[in-house]
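Here's the structure, in structure tokens; my notes come after.
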2 protein chains.
Amino acid sequence: MPDSAIRPRKEFGKTIAADITHRLREEIVTCGLAPGEPLRFDVLRERFGASFTTLREALTALAAEGLVDAQEQRGFRVAPVSRQDLVEVTDARVLIEVELIRRAIQKGDDDWEIAVISTLHRLKRIEQRDPEHPLRDPEWKIAHRQFHQALVSACGSATLLAIRAELFDRAERYRHLSANFRPRPRDKAGEHQAIMQAAISRNADLAVPLIETHIRTTADNVAKYAGHLLETE
Amino acid sequence: MPDSAIRPRKEFGKTIAADITHRLREEIVTCGLAPGEPLRFDVLRERFGASFTTLREALTALAAEGLVDAQEQRGFRVAPVSRQDLVEVTDARVLIEVELIRRAIQKGDDDWEIAVISTLHRLKRIEQRDPEHPLRDPEWKIAHRQFHQALVSACGSATLLAIRAELFDRAERYRHLSANFRPRPRDKAGEHQAIMQAAISRNADLAVPLIETHIRTTADNVAKYAGHLLETE
DNA sequence: CGGACTCTGATTTTCGAAAATAGTAGCGAT
DNA sequence: ATCGCTACTATTTTCGAAAATCAGAGTCCG
């Protein structure tokens, strides 16, 4: 019987390193650790309660994902943000996500349809609770991620899904960056509903432009409302 | 004045960890470490002369690249190969490389043209030396990589270039896997020449199908001549 | 005989001390 | 005053011992 006294941490993985990786990724994506911020071992050690080596392993993994910038012999820092990077991430997401939605629409079975419908349903329920600030609600964030994940999950390529997931995280960081400055959320609920319907009715030619617009509009809003944060670096 | 007595290793990076990562990647890509082979720390420690922790960091980084398979609490192993994985890597490469060659052809400047021409020239020179077994020549391998890298280098997206590089390595491992069983190399030189000419003359509609065929033919040959190695897992 | 349990040896995972390196301030010479 | 050198401090990077975990053999009981 595992109990919390014996197993004080490790919520998201069997090893402490995997757990720290998960928690650090979360902090970086939500901008709890600011872009460009140096990641000093003393500080991390105190915050996460792990040793140098374990932290180093987590940071190395996140560096490979593009969320952390490793400067050899000079430590790590949160990957900086920039207009250029936002454009690249957005472009890459469109390229890959569009292809994946096509494949998923072609290959998806009943379970796929159920996953798409049910994840959207949950997302809408959460939005009803707090329609003003969805991004600040961690549950909304998870549900939103799961809906988009479900949409492409039937594409048949674990390789492309992994790449997609990395790009999604990098984009989500920009969304969080602008969340505090955005005056009012746009009608994301309607967009999600339209995407779901196009997908379920197997209308790829409709779903593709909807997805593309969805991604690009989000990025445009980031550039519009958080542009002042993207200048340096 | 740096000398080799003071700095015994670290050929490819400022830190030992980065160096080990590089060397391990090389060994895995060239199948010096066989697919699926367990990576035990005692063995690696002896082979690479680094400590547990440093090795662990390198393995973690390679796991994020898809060349190593991390089994939590049960160590690491070289990522297994499979028909499915080969198909996924090939598909992903076509999707991304085709897009990048389009962008490079549109954006490439004089320096890009020079890089494409000169890397192809070097590749051809090396092929003249040993026309029979190019893949066994490490110099050919490097030149080949650099030619393909040069072709897309002007695409303007560091993000997509990094993804492309990872997929290239994963594909190269399959090429090495089949190299020992392939009866005779096909006319790669001619294909490279045609791709170069299409690119330099800015004929994207010609270059794209050439690249796609180039990638798919390579993968087909792997499946044909190394198919017996792809069954398990 | 079979299933659950425990013990044991092998292996991975984690830790903090020790070594290596970068950054900085102080000093002296031109 | 400026440049170059040196010593010092802050920080990262590496190491091997110690703890945790797993896999397999053996044991006990139903």
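Convention: sequence-line order gives letters A, B, ...; per-chain numbering from 1.
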Does Lys14(A) put a side-chain nitrogen or oxygen below 4.0 Å from OP1 or OP2 of dC22(D)?
yes
Can you tell me if the side-chain N/O atoms of Arg56(A) get under 4.0 Å from OP1 or OP2 in dT12(D)?
no
Value in whole Å for how far the P atom of dA20(C) lies from CZ of Phe41(A):
18 Å
For atom CD of Gln73(B) and atom C1' of dA10(C), their distance in whole Å:
15 Å
Measure the distance from CD on Glu46(B) to P on dC15(D) and round it to the nearest whole Å.
15 Å
What distance do Thr159(A) atom OG1 and Leu86(B) atom CG have between them, rounded to the nearest 0.5 Å?
10.5 Å
Looking only at side-chain atoms of Arg40(A), point me to the closest of dT11(D), dT14(D), dT14(C).
dT11(D)
Look at Glu139(B) together with Arg129(B) and state whether they make a salt bridge at an N to O cut-off of under 4.0 Å.
yes
Whole angstrom is fine here: how far is it from CZ in Phe48(B) over to C1' in dT14(D)?
17 Å
When you measure from the centre of the six-membered ring of Phe168(A), is the NZ or CZ of Arg175(A) under 6.0 Å away and within 45° of the axis?
yes
In this structure, how many angstroms lie between the C1' atom of dT12(C) and the CG atom of Leu44(B), rounded?
12 Å
Has Arg45(A) got a side-chain N or O lying under 4.0 Å from the OP1 or OP2 atom of dG16(C)?
yes
Take the protein atom CG of Leu55(B) and the nucleotide atom P of dT13(C), then report the distance between them rounded to whole Å.
12 Å
Check this for me, if you would: do Glu65(B) and Arg170(B) make a salt bridge, where the nitrogen-to-carboxylate-oxygen distance has to be below 4.0 angstrom?
no
Taking only side-chain N and O atoms of Thr54(B), does any of them lie within less than 4.0 angstrom of OP1 or OP2 on dC15(D)?
yes
Just N and O in the side chain of Arg74(A): are any of them under 4.0 Å from OP1 or OP2 of dT21(C)?
no
What integer distance in Å separates Ile16(B):CD1 from dT14(D):P?
5 Å
Can Arg56(B) be said to sit on top of Phe41(B)'s aromatic six-ring, NZ or CZ under 6.0 Å from centre and within 45° of the ring axis?
no
Using a cut-off of 4.0 Å on non-hydrogen atoms, how would the nucleic acid contact of Phe52(A) be classed: base, sugar-phosphate, or nothing?
base
Rounded to the nearest Å, what distance is computed from the CD atom of residue Gln71(A) to the C1' atom of nucleotide dT13(D)?
15 Å
Have a look at Leu59(A) and say if it touches a base, only the backbone sugar-phosphate, or nothing, with a 4.0 Å heavy-atom cut-off.
nothing
